[in-house]
Structures are given as structure tokens and as C-alpha cells.
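Working notes, beginning with the structure itself.
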Amino acid sequence: MPLTGIEIFKLLPKTNCGECGVPTCLAFAMNLASGKAELTACPYVSEEASAKLAEASAPPILPVTIGTGDRALKVGGETVMFRHEKRFENPPGLAILISDTIESAEVDARLERCKNLQYERVGLTLRPELVAIKNDSGDAQKFEALVSKVAQGSDCGIILMSDNPDNLEAALKACAEQKPLIYAATSDNVDRLASLAKESSCPVAVKASGLEELVELTTKLTDAGIKNIVIDSGSRTLRKAFEEQVNIRSTALIKKFRPLGFPTIVFPCEMTDDPMKEAVIASIFIAKYAGIIVLSDFQGESLFPLLVERMNVYTDPQRPLATTEGIYEINNPDENSPVLITSNFSLTYFIVSGEIENSKVPTWLLVKDTEGLSVMTSWAAGKFSADIIGPFVKKSGISDKIKHHKLVIPGYIAAESGGLEEELPDWEILVGPREGAHIPAYIKAWKP
Ligand code: SF4
């Protein structure tokens with residue numbers, strides 16, 4: 001049973017030093033009890049207390065890692081029902097299904113799509129992470145051959161899917177080092193798959209028909225010392241599966257019911273034959289509350305919106321995406337190139353830098369740290385005004401890189417031009433366009 005806030009408090013140092021980010025040990029204890037803090041935030045907990053608190057401080061949805069190295073995927077570890085309460089921690093993995101009954105050329109094509117469908121957005125690379133290999137043929141050799149091919153030809157994490165424990169065991173030998181997810185332990189084979197998961201140190205999924213059976217299976221596995229568990233409630237209709245996702249999350253989080261405190265796996269690929277409906281169903285499970293989402297295929301037109309949705313849902317709502325402050329060289333600028341300045345809200349930066357890049361005009365772009373706020377918002381908040389921009393331009397070192405002293409400010413902060421002329425008396429302040437889309441025409445006409 002998890003400890004209460006008061007029980008946790010008794011084990012803390014009670015010095016109220018505040019280093020954990022809250023002013024008192026009691027407040028920290030309450031946050032720990034509600035899953036809103038992590039024990040590592042307090043540097044002064046004794047080893048003995050730490051051991052006692054480990055259970056209480058573990059996130060209500062335990063984290064599970066699939067794969068190894070740079071491409072390892074961590075799912076679960078969630079502590080809240082709604083992202084505005086704190087943030088969602090680990091984005092769900094997107095998996096492409098590859099059956100051992102499909103033609104070799106189609107297997108190659110799917111692996112290619114898995115590798116090539118990746119996108120740059122606000123400085124991040126968005127891509128899917130998993131291949132779910134399914135033993136539809138029932139043939140151990142075919143399954144093993146496909147698993148070997150995927151293990152050698154893809155850097156994605158692997159989900160091994162078979163009803164036959166013997167086939168799973170054989171296939172596992174071909175990719176055990178990649179720590180695949182073994183799918184799935186059921187009431188019929190749970191003991192066998194528990195041994196397999198333990199011997200190979202691989203995560204294991206359980207599949208049940210309903211939550212009661214799910215609880216029995218996860219209890220058996222945890223009693224056997226296995227904690228890397230992913231759960232499949234077995235439903236293959238949107239309504240039932242959705243209800244169960246919400247039920248599992250709230251039971252684990254609010255009622256602190258450990259047997260359901262694991263990331264889930266859902267199968268939109270088994271809920272419809274229509275690719276667009278499948279994408280819509282997947283989008284619902286990104287928001288609520290899947291750990292892994294298995295799709296029948298990846299196509300750019302459906303994968304890209306899912307990746308963007310996932311990025312948006314799993315960014316921290318209290319911290320805007322920000323770009324590092326500094327001087328950015330775009331299209332190889334020289335001493336006669338224009339100098340523009342903007343805020344460090346990532347979306348602003350990527351729009352402005354993208355427009356400059358596309359214009360092919362060599363340009364210096366100064367990015368001021370405005371705590372991730374856009375031009376207008378930071379200006380309104382007093383974080384992008386003349387008395388802040390002036391000292392930044394002086395310290396940035398841009399003067400050493402150019403012959404002219406002309407600074408182009410965003411049109412939205414035209415009101416700062418007078419103040420900037422006072423802050424930067426040897427500079428000429430030019431008011432640039434309000435909209436990013438008008439930047440190319442402006443800098444093409446610019447003269448030093
Ligand atoms: Fe208490 Fe530890 Fe937080 Fe200090 S860092 S206030 S000792 S819980």
C-alpha cells in the first residue's frame with residue numbers, strides 16, 4: 001500500500017531547507033504522496049528512509065523501457081490525469097504492424113517507411129519508434145526469420161506478437177539484445193511468459209478480456225518480481241477501449257491501485273479497416289492515455305499529424321518551447337548582410353528563420369531570450385523592450401561581424417524604435433515587417 005503524506009513526512013529530514021523546490025518537508029511529502037514530486041528532488045533523505053519511500057515515490061503508472069541505447073523508448077511514468085496539472089511525461093510509442101504472412105517486398109517497404117518518415121519541427125525530430133512483428137502464420141521459422149530481418153534492418157524497438165510461447169521464445173533469441181516487448185501473457189500462458197521475461201530481462205505485455213482478469217495477470221507477474229509490464233485490456237471497439245483507458249489511468253492515479261499502474265498498449269489497427277478512421281482513433285489514444293499505439297501501416301499524411309499532436313500533448317504547458325539566445329547565421333552572411341532581431345519562442349524563431357532561409361538572402365538573426373514568449377507577448381510583458389534589447393545587442397558581439405550598424409526590429413514592436421535609438425546611439429533602427437511572410441521581400445530590398 002502506498003504511504004500517506006504524513007507517513008512520508010515522518011521519514012523526511014524535517015529541516016525545511018527548501019532545496020526540493022517547495023518551502024517545507026511537509027509540502028514535499030504531500031507532493032510525493034500525490035505523485036507530483038520525485039524523491040530524488042530531496043538530497044538529504046537517508047538510505048534507510050529512501051528504501052522505505054521507494055514504493056511511495058514510484059510514479060502511479062510505472063515506467064517501462066523497450067529497446068536499448070539512443071533509440072530506447074520509455075513509456076508510462078505518468079503522474080497526472082490532465083496535462084495542465086503538471087505535464088505528461090513520456091509520449092506514447094507509435095508502432096507499425098508487420099505480419100509474417102505478408103510478402104517480403106512489402107516488409108521492406110514498411111521498414112523503409114518506418115525509417116524515412118521523419119520530420120523536423122521546432123528543432124525536434126519527430127518519428128515513429130516501434131515495429132510490431134506478428135506471428136499470424138503460426139510458423140516458428142517464418143516468425144524468427146522476419147524478426148531477424150527487422151532486428152538487423154531497423155533501429156526501431158520491437159514488439160514480438162505470438163499466441164505461441166514456443167514461437168516467442170525462438171524469436172526472442174534473434175533479438176534478445178534489443179530488449180523487445182514480449183506480447184502477450186494471458187491466463188493460459190502467464191507462468192511461461194513470466195519465466196521468459198525474467199530470463200531475458202525483457203518487458204512483457206499482458207492481454208486480458210476485461211480489467212478484472214488484467215488485475216489477476218499483473219498481480220501474478222509482480223509477485224514473480226516482474227515490473228516491466230504493459231497492459232492490453234483486450235477491447236477492440238473504440239468506445240470500450242476508450243472507457244478502459246480512462247478507467248485504468250484514474251484507478252491507478254486517483255485510487256493508487258498498483259495492479260493497474262502500468263502503461264497500456266492499444267490496437268487501432270484492429271478497430272477499423274479504414275486508414276483514416278484508424279488515424280483518428282489513434283489520435284484519441286494519444287490524448288487518452290495509451291502507452292503504445294499499434295497502426296496497420298505508416299503513411300505520411302496520417303503519421304505526420306499524429307506525431308505533431310503527440311508532440312503538442314506531451315510538451316510542458318507551463319514551459320513554452322524556446323530557442324537558445326544568440327546570433328544565428330543564415331545563408332552564410334557577411335559584413336554587409338542585414339541584421340534582424342526576434343524573440344526566442346521556438347515557433348517564432350522557426351517561422352522567421354525559415355522565411356529568411358527560403359529568401360536565400362544571407363542574414364544575421366539575433367535571437368533574444370524572452371523566456372519562450374512570442375514577439376507581441378514578450379513585448380507586452382516588458383521582456384522585449386528597448387532597455388532589454390539594447391544591452392543584448394551590445395553584448396551579443398554582432399558589431400564585430402558587420403560593417404554597417406543597422407538593426408531591423410519586428411514591425412510589432414515599432415514603438416520601441418525611439419527607445420532603441422537612445423539605447424544604441426550609433427545604430428540605425430529600422431522597422432521591419434510585422435509578418436514573417438513579408439520578410440523575404442523586405443530583406444531582398446535591403447541595402448547596407
Ligand atoms: Fe525537506 Fe528535503 Fe525538501 Fe529540504 S529538500 S525541504 S529536507 S524534503
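No hydrogens, no waters, no symmetry mates; every other heavy atom, side chains included, goes into these values. When a ligand or atom number is given, it counts from 1 through the structure's own listing order.
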Among all protein heavy atoms, pick out the one at the shortest distance from [atom]; state its residue, atom name and that distance to 0.1 Å.
{"atom": "atom 8 (S) of ligand 1", "answer": "Phe28 CD2, 3.4 Å"}
{"atom": "atom 2 (Fe) of ligand 1", "answer": "Cys42 SG, 2.3 Å"}
{"atom": "atom 3 (Fe) of ligand 1", "answer": "Cys20 SG, 2.3 Å"}
{"atom": "atom 4 (Fe) of ligand 1", "answer": "Cys17 SG, 2.3 Å"}
{"atom": "atom 7 (S) of ligand 1", "answer": "Thr15 OG1, 3.2 Å"}
{"atom": "atom 6 (S) of ligand 1", "answer": "Gly18 N, 3.2 Å"}

*Please check if any side-chain donor atom of Thr24 sits under 3.5 Å from a side-chain acceptor atom of Asn16, or the reverse.*
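No, because no side-chain N or O of Thr24 sits under 3.5 Å from a partner of the opposite role on Asn16.
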
*Verify the distance criterion only: is there a donor paired with an acceptor across the side chains of Glu89 and Tyr314 at less than 3.5 Å?*
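No - no donor-acceptor pair under 3.5 Å links their side chains.
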
*For Thr218 and Pro259, indicate whether the former's side chain and the latter's backbone hold a donor-acceptor pair under 3.5 Å.*
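Here the side-chain-to-backbone pair exists.
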
*Kindly give the heavy-atom pair with the smallest separation between Val75 and Gly291, and that separation in Å.*
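Closest approach of Val75 to Gly291: CG1-O, 3.2 Å.
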
*Look at the aromatic rings of Tyr289 and Phe88 and report parallel, tilted or perpendicular, splitting at 30° and 60°.*
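Tyr289 vs Phe88 ring planes: perpendicular.
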
*asked:* Pair Glu216, Ser187 - check side chain to side chain donor-acceptor pair (under 3.5 Å), show working.
replied: CA-CA 9 Å; Glu216 281 171 26; Ser187 300; 5.4 Å; no

*For ligand 1, does Val45 get within less than 4.0 Å through its side chain, its backbone, both, or neither, judged by non-hydrogen atoms?*
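Contact part for Val45 vs ligand 1: neither.
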
*Find all atoms of ligand 1 within a distance of less than 4.0 Å from any non-hydrogen atom belonging to Asn16, and give their numbers and elements.*
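Near Asn16, meaning under 4.0 Å from one of its heavy atoms, ligand 1 has 6 (S).
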
*Assess Cys25: does it contribute an N, O or S atom lying under 2.8 Å from atom 3 (Fe) of ligand 1?*
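Given the 2.8 Å cut-off, Cys25 does not count as a ligand of atom 3 (Fe) of ligand 1.
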
*Given the rule in the side-chain contact (heavy atoms from CB on, under 4.5 Å) test, do Val294 and Ile265 qualify, once you have shown the distances and angles that lead to the verdict?*
CA-CA 8 Å; Val294 184; Ile265 182 168; 4.0 Å; yes

